[in-house]
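Along the sequence shown, residues carry numbers from 1.
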Amino acid sequence: MDADNEAKGKVSDQAMQNPQALASLQDKIESASHSASIMDSLPKSVKRRVNALKNLQVNSTQIEAKFYKEVHELERKYSTLYQPLFDKRRNIVSGEVEPTDEECEWQSDHEEEAHALAEDLKKKAAIEEKTEDANEEKPKGIPEFWLAIFRSVDMLSDMLQEHDEPILKHLQDIKVIFSGPDQPMSFTLEFHFEPNEYFTNTVLTKVYKMKSEPDAEDPFSFEGPEIIDCEGCEIDWRKGKDVTVKTIKKKQKHKGRGTARVITKQVPNDSFFNFFNPIKVSPDKELDEDSEYTLATDFEIGHFFRERIVPRAVLYFTGEALEDDESLEEEELDEGEEELEEEELDEGEEEDQDE
C-alpha cells in the first residue's frame with residue numbers, strides 16, 4: 001500500500017507541475033465523476049447491459065485501429081502513384097526540365113477573359129523577348145521555390161532565421177516516405193539539397209514514429225494514429241558553416257592571480273536546422289512543460305509537411321493554399337466563438353434560475 005501511495009503521490013506532483021497534464025487530469029476526473037453519477041442512478045439490470053455496450057465499444061475501437069492501419073497502407077500505396085508527378089515538379093523547379101507550351105497552359109474559371117488576357121500576354125512577351133538583351137541570363141527553373149514557401153507559411157517562418165535562408169536556396173525537393181507493410185508505422189521527411197558550401201549531405205531526414213493502438217488502460221481516448229517520437233539525422237557541416245551553433249567570447253578571471261583571459265566557446269543558436277536534432281523521448285524520464293510543448297509543436301510541423309506542404313507545394317508558393325488555410329481558421333474561430341456564446345448564455349440562464 002505504501003508503494004501505491006508513493007506512486008500516486010509522484011503522479012500527483014507531476015500533474016501539479018504541468019498545467020496541461022493537470023487540465024487533462026481534471027477533465028478525466030470530471031468525466032469519470034459524471035459517468036459514475038449516471039451509472040449510480042441506473043438499476044442493476046440496466047448497468048449490466050451498459051457494461052456490455054462498453055465492451056462492444058472497446059471491440060469497435062480495436063476495429064477502428066485496424067482501419068487506420070489499412071489507411072496507412074493505402075497512403076503508402078498511393079504515394080507511389082503521386083511520386084512521378086512530384087519528381088516532375090522537382091525537375092521543373094530545379095530547371096532540369098522545361099515544360100512544354102501545352103503543359104504551361106492554365107484554364108481559369110473565366111475562360112474567355114483568361115484567353116484574351118493570355119493572348120495579350122503572349123504579344124507583350126514576344127515584344128519583350130525581341131527587345132531583351134541577348135546576353136542577359138534567364139532564371140533557371142523556379143528560383144527559391146521552397147524558400148518562398150518557408151517564408152510565407154507562419155509555422156515555418158517562425159523557425160526560419162536569416163542565416164538559414166542562403167542554405168535553403170539549395171533545397172530542391174521534400175519527399176514523404178511511408179514505412180513498409182512489415183515495419184512499425186512511421187513516415188520519413190526527406191529534404192533533398194543540391195551540392196552546397198554548407199554541408200556535405202545531399203539528403204537530410206526526419207523520421208516520425210507513430211502508433212495506432214488504443215491504450216489498454218484508457219481505450220476510449222483513442223482518436224486515430226498519433227506521433228509518439230521522432231528522430232533526426234546528423235548534419236555534416238563544413239568547417240565554420242554550422243548555423244546551429246554560434247561562437248561567443250567570454251572573459252574569465254583567475255581566482256588566485258586575479259588575471260583575466262578571453263576564452264571562446266560554442267553555444268546553441270536558433271536555426272531551422274535544429275529541426276533535425278529533436279528532443280529525445282525517454283520512457284523512463286518525464287519531460288518538463290517546455291520540452292512537451294516543443295515536442296508537440298515538432299509533431300504538428302511534421303504532420304503539416306506530410307499532409308499539406310509536400311502534396312500542395314505550388315499552392316503554398318502562389319499563396320492560394322494560404323487563403324484556404326485562413327478561411328478554415330476563420331471558420332474554426334467562428335465556431336469556437338459561437339460555442340463560447342452558447343456557454344455564456346447557458347450560464348446566464350442558470351444564474352436567472354438560481355435567482
Side-chain angles (χ1 to χ4, degrees), residues 68-111 114-115 118 121 138-157 167-181 183 185-196 201-208 210 225 227 233 272 275-276 300-328:
Y68 281 115
K69 286 179 181 177
E70 290 195 21
V71 167
H72 183 77
E73 286 302 306
L74 275 175
E75 284 183 305
R76 188 178 64 81
K77 174 186 174 183
Y78 275 85
S79 68
T80 60
L81 301 178
Y82 288 125
Q83 198 53 54
L85 303 177
F86 294 156
D87 288 342
K88 190 160 189 178
R89 177 179 72 187
R90 170 185 174 155
N91 292 337
I92 292 173
V93 166
S94 64
E96 293 176 27
V97 168
E98 184 62 36
T100 65
D101 290 343
E102 185 180 353
E103 288 173 329
C104 293
E105 285 183 10
W106 177 251
Q107 298 296 325
S108 73
D109 294 334
H110 309 286
E111 291 188 9
H115 181 71
L121 288 173
K138 293 181 181 178
K140 183 182 177 184
I142 304 177
E144 302 183 12
F145 178 79
W146 291 103
L147 176 56
I149 294 171
F150 273 69
R151 285 172 176 158
S152 63
V153 177
D154 289 343
M155 191 182 293
L156 303 182
S157 65
I167 308 174
L168 288 170
K169 287 179 181 180
H170 297 285
L171 179 58
Q172 292 185 312
D173 198 18
I174 304 175
K175 292 182 178 180
V176 180
I177 309 297
F178 293 94
S179 55
Q183 298 173 332
M185 186 183 289
S186 69
F187 67 92
T188 302
L189 298 177
E190 292 185 349
F191 294 73
H192 291 250
F193 287 83
E194 65 184 355
N196 61 79
N201 312 65
T202 55
V203 182
L204 301 181
T205 60
K206 183 77 170 282
V207 180
Y208 285 91
M210 307 175 72
I227 295 175
C233 69
F272 163 73
F275 179 70
F276 298 98
E300 186 180 356
I301 291 166
H303 268 307
F304 198 70
F305 270 118
R306 167 192 166 180
E307 296 174 359
R308 305 285 292 175
I309 297 291
V310 173
R312 311 182 75 203
V314 67
L315 302 181
Y316 281 98
F317 179 80
T318 62
E320 292 164 87
L322 294 172
E323 293 171 8
D324 292 343
D325 288 348
E326 285 171 6
S327 299
L328 186 62

Sequence neighbours excluded, the answer for side-chain hydrogen bond (donor to acceptor under 3.5 Å, both in side chains) partners of Ser157 is none
Test item: Met185 and Pro225 side chains (from C-beta on) under 4.5 Å apart, heavy atoms:
yes
Please examine the side chains of Val314 and Glu320, heavy atoms only from C-beta on, and report whether any two atoms are closer than 4.5 Å. no
Rounded to the nearest 0.5 angstrom, the CZ-CG distance for Phe272 and Leu168 is 6.0 Å
Per side chain to side chain contact (heavy atoms under 4.5 Å, CB included), Glu190 is matched among Val310, Ile177, Val207, Leu204 by Ile177
Report task. Evaluate the side-chain proximity of Phe304 to Ile309: yes if any heavy-atom separation is below 4.5 Å, no if none is. Result -> yes
CD1 of Ile174 to CZ of Arg306, rounded to nearest 0.5 Å, is 15.5 Å
Inset, instruction - For side-chain contact (heavy atoms from CB on, under 4.5 Å), just list the numbers for Asp173 and Arg89, CA-CA rounded to whole Å, side-chain angles, deciding distance to a tenth of an Å, and then say yes or no. - result: CA-CA 9 Å; Asp173 198 18; Arg89 177 179 72 187; 4.3 Å; yes
Hits for side-chain hydrogen bond (donor to acceptor under 3.5 Å, both in side chains) against Glu73, two or more places apart or cross-chain, chain-then-number order -> Arg76
d(Trp146 CH2, Phe191 CZ) to nearest 0.5 Å is 9.0 Å
Closest non-hydrogen atoms of Val203 and Thr205, given as atom of the first, atom of the second and distance, are CG1-CG2, 4.0 Å
side-chain hydrogen bond (donor to acceptor under 3.5 Å, both in side chains) filter on Ser186, not counting sequence neighbours, yields none
Residue set satisfying side-chain hydrogen bond (donor to acceptor under 3.5 Å, both in side chains) with Lys206, at least two apart, ordered chain then number -> Tyr208, Asp298
Side-chain donor-acceptor distances from residues 147-154 under 3.5 Å, at least two apart:
residue: Arg151; atom: NE; partner: Glu165; partner atom: OE1; Å: 3.4
residue: Arg151; atom: NH1; partner: Glu144; partner atom: OE1; Å: 3.3
residue: Arg151; atom: NH2; partner: Glu165; partner atom: OE1; Å: 2.7
residue: Ser152; atom: OG; partner: Ala148; partner atom: O; Å: 3.2
residue: Ser152; atom: OG; partner: Ile149; partner atom: O; Å: 3.1

- Pairwise side-chain contact, His72 with Ser179, heavy-atom cut-off 4.5 Å (strictly under): yes
Rounded to the nearest 0.5 Å, the CZ atom of Phe187 sits from the CZ atom of Phe305 at a distance of 10.5 Å
What one should report as the nearest heavy-atom pair of Phe145 and Val93 is CB-CG1, 3.5 Å
Donor-acceptor list for residues 80-87 side chains, cut-off 3.5 Å, not counting sequence neighbours:
residue: Thr80; atom: OG1; partner: Lys77; partner atom: O; Å: 2.5
residue: Gln83; atom: NE2; partner: Asp87; partner atom: OD1; Å: 2.9

To the nearest 0.5 Å, atom CG of Leu189 lies from atom CZ of Phe275 at 5.5 Å
Rounded to the nearest 0.5 Å, the CZ atom of Phe193 sits from the CG atom of Asn201 at a distance of 9.0 Å
Smallest heavy-atom separation, Gln183 atom then Gly180 atom, equals OE1-N, 2.6 Å
